[in-house]
Amino acid sequence: MAFRRLLSALGVGAPEVATELDRTQCLPGEEITGTVTVRGGDAEVEIERLTVELLVRFEGHGDEARYLRRMAVQEFPGPFTLGAGETRTEKFSFPLPLAMPLTHAGGRPLQGAYCAVRTELAVDRAVDRTDVDAVEVHALPSQAAVLRALEELGFRLREAEVKPGVAYNSRQDVDWWQEIELSFPAEYRLGAVELLLAVLPDEIDVRPGTSVAPLTLRHEETADHAALTARLDAYLRESFLKG
């Protein structure tokens with residue numbers, strides 16, 4: 001656990017903070033847990049606010065750049081006085097929804113995807129947010145099975161974007177969705193499509209773009225890899241090559 005000296009405006013001897021995640025890899029539906037430790041410097045200080053945030057990179061609108069959106073926050077009791085050399089430790093936990101955006105699939109990072117835990121410490125009206133720890137959100141077995149089958153069929157994952165709101169005609173219980181840009185094999189003579197994998201407790205909707213109806217699968221149906229690949233192949237050919 002490495003401490004980071006915070007609030008350089010306070011000079012040498014300022015408070016330090018260390019955030020330690022119990023694990024840096026997780027799946028949608030699991031929890032991100034960890035510990036924040038604040039250590040006093042050379043003098044007593046009043047800590048106005050100590051918070052931990054769960055952040056995800058979102059796609060901006062139009063010319064707006066990508067930005068970090070706070071998905072959840074845990075604020076610890078305060079304000080409080082931190083004595084010189086005193087150590088204070090707090091636990092935190094962030095339950096992840098099934099719709100949590102992925103940062104990794106098939107053991108590889110998804111280009112453009114990012115998730116992190118950020119610790120914020122406020123002292124004397126100065127706020128420091130430099131303590132950031134990246135988190136890897138890996139695909140659920142059903143998501144991973146679908147993505148693996150698509151790649152074996154010649155589709156390629158290009159990059160991922162998270163957008164605010166509700167996707168058109170989508171089954172989702174959160175106010176965001178993740179699109180994974182998927183390039184088609186040459187035989188389709190098409191460019192790319194935005195793939196949405198909407199995960200529900202018992203099912204997953206595979207939705208390549210808004211022009212076709214989604215393919216709904218029960219999670220257990222994705223366990224037979226050969227059958228899943230054949231079903232996806234037939235669905236995609238019917239949706240994009242018919243006529």
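These values consider heavy atoms only, across backbone and side chains, with no hydrogens, waters or symmetry-generated copies. The structure presented is a predicted model; accordingly, all values stated were derived computationally and were not measured.
- Within the structure, the salt bridge (charged side-chain N to carboxylate O under 4.0 Å, His left out) test picks out the following pairs touching residues 154-169 (sequence neighbours left out): Arg66-Glu159, Arg158-Glu181, Glu161-Lys163, Lys163-Glu179.
- Distance check, rounded to the nearest 0.5 Å: CG of Asp131 to CD of Glu16 gives 11.0 Å.
- Every residue meeting the side-chain hydrogen bond (donor to acceptor under 3.5 Å, both in side chains) condition with Asp233, not counting sequence neighbours, appears here in chain and number order: Arg237.
- Contact of the Thr51 side chain with the Glu75 side chain is registered, since non-hydrogen atoms from C-beta on lie closer than 4.5 Å.
- Residues Leu217 and Val206 have side chains in contact (heavy-atom distance under 4.5 Å, counting atoms from C-beta outward).
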| query | Can you list the steps and then say if Leu68 with Tyr114 is a side chain to side chain contact (heavy atoms under 4.5 Å, CB included)? | reply | CA-CA 9 Å; Leu68 292 177; Tyr114 178 74; 3.7 Å; yes
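- Closest heavy-atom contact between Pro77 and Arg88: O-NH2, 3.9 Å.
- When all heavy atoms of Tyr67 and Glu59 are compared, the closest pair comes out as CE2-O, 3.7 Å.
- Residues Cys115 and Leu54 have side chains in contact (heavy-atom distance under 4.5 Å, counting atoms from C-beta outward).
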| field | Candidate pair Val17 and Val36, rule side chain to side chain contact (heavy atoms under 4.5 Å, CB included), full reasoning | value | CA-CA 7 Å; Val17 68; Val36 176; 3.8 Å; yes
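- Under the 4.5 Å side-chain heavy-atom criterion for grouping Ile, Leu, Val, Met, Phe, Trp and Tyr, Val174 is connected to Ile204 within one hydrophobic cluster.
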Show me the side-chain donor-acceptor pairs of residues 98-109 shorter than 3.5 Å, one per line, residues at least two apart or across chains.
{"unit_1": "Thr103", "atom_1": "OG1", "unit_2": "Val137", "atom_2": "N", "d": "2.8"}
{"unit_1": "Thr103", "atom_1": "OG1", "unit_2": "Val137", "atom_2": "O", "d": "3.4"}
{"unit_1": "Arg108", "atom_1": "NH2", "unit_2": "Glu151", "atom_2": "OE1", "d": "3.3"}
{"unit_1": "Arg108", "atom_1": "NH2", "unit_2": "Glu151", "atom_2": "OE2", "d": "2.9"}

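- Using a 4.0 Å cut-off between a side-chain N of Lys or Arg and a carboxylate O of Asp or Glu, Arg171 and Glu203 qualify as a salt bridge.
- Judged purely by atom type and a 3.5 angstrom limit, Glu31 has no side-chain atom pairing as donor or acceptor with the backbone of Thr33.
- For residues 16-53, no residue pair satisfies the ring pair (Phe, Tyr, Trp, His ring centres under 6.0 Å) rule, not counting sequence neighbours.
- For residues 151-173, every residue pair satisfying the ring pair (Phe, Tyr, Trp, His ring centres under 6.0 Å) rule, not counting sequence neighbours, is listed here: Phe155-Phe184, Phe155-Tyr188.
- Checked by atom type and distance alone, the side chain of Glu30 pairs as donor or acceptor with a backbone atom of Leu27 at under 3.5 Å.
- Contact check for Pro208 versus Leu236: side-chain heavy atoms found under the 4.5 Å cut-off.
- Residues Val166 and Phe58 are members of separate hydrophobic clusters, defined by side-chain heavy-atom contacts under 4.5 angstrom among Ile, Leu, Val, Met, Phe, Trp and Tyr.
- Side chains of Arg231 and Leu215 form a contact here, defined as non-hydrogen atoms less than 4.5 Å apart.
- Looking at Gln172, its side chain does come within 3.5 Å of a backbone N or O of Gly165 through a donor-acceptor pair.
- For the pair Leu195/Leu150, a side-chain contact is recorded, criterion being any heavy-atom separation below 4.5 Å from C-beta on.
- Salt bridge status for Asp175 with Arg69: present, with a side-chain N to carboxylate O gap under 4.0 Å.
- Between Ser170 and Ala198 the shortest heavy-atom distance is OG-CB, 4.5 Å.
- When all heavy atoms are compared, the tightest approach of Arg39 to Thr87 is CG-OG1, 3.8 Å.
- Between Arg70 and Leu55 the shortest side-chain heavy-atom distance falls below 4.5 Å.
- We find the CD-SG distance between Glu136 and Cys26 to be 9.0 Å, quoted to the nearest 0.5 Å.
- Expressed to the nearest 0.5 Å, how far OG1 of Thr222 lies from CG of Leu232 amounts to 10.0 Å.
- Taking every heavy atom of both residues into account, Phe92 and Thr35 meet most closely at CE2-N, 3.4 Å.
- Under the 4.5 Å side-chain heavy-atom criterion for ILVMFWY residues, a single connected hydrophobic cluster contains both Phe80 and Phe76.
- Contact annotation: the side chain of Leu50 approaches that of Thr119 to within less than 4.5 Å [non-hydrogen atoms, C-beta and beyond].
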| message | Please determine whether side chain to side chain donor-acceptor pair (under 3.5 Å) holds for the pair Glu46 and Thr81, giving the CA-CA distance in whole Å, both sets of side-chain angles, and the decisive distance to 0.1 Å. | response | CA-CA 4 Å; Glu46 185 78 3; Thr81 301; 2.7 Å; yes
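- Note on Trp177 and Leu96: separate hydrophobic clusters, where clusters join Ile, Leu, Val, Met, Phe, Trp and Tyr whose side-chain heavy atoms are under 4.5 Å apart, directly or indirectly.
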Under 3.5 Å, side-chain donor or acceptor atoms of residues 139-148 against the rest of the protein: list the pairs with distances, not counting sequence neighbours.
{"unit_1": "Ser142", "atom_1": "OG", "unit_2": "His219", "atom_2": "ND1", "d": "3.0"}
{"unit_1": "Gln143", "atom_1": "OE1", "unit_2": "Leu140", "atom_2": "N", "d": "2.9"}
{"unit_1": "Arg148", "atom_1": "NE", "unit_2": "Glu152", "atom_2": "OE2", "d": "3.3"}

| request: Quick one: do Val162 and Arg57 satisfy side chain to side chain contact (heavy atoms under 4.5 Å, CB included)? Show the steps, please. | output: CA-CA 7 Å; Val162 183; Arg57 180 183 290 147; over 6 Å; no
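- Contact detail for Phe94 and Ala72: the closest heavy-atom pair is CD2-CB, 3.7 Å.
- Summarising the geometry, atom CZ belonging to Arg118 is positioned 12.0 Å from atom CG belonging to Asp133; distances are rounded to the nearest 0.5 Å.
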| Going through the checks in order, is the side chain to side chain contact (heavy atoms under 4.5 Å, CB included) test met by Val135 and Leu21? | CA-CA 9 Å; Val135 175; Leu21 301 178; 3.8 Å; yes
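- Cluster annotation: Leu200 is not connected to Leu228 through the hydrophobic network of ILVMFWY side chains, with a link wherever side-chain heavy atoms come within less than 4.5 Å.
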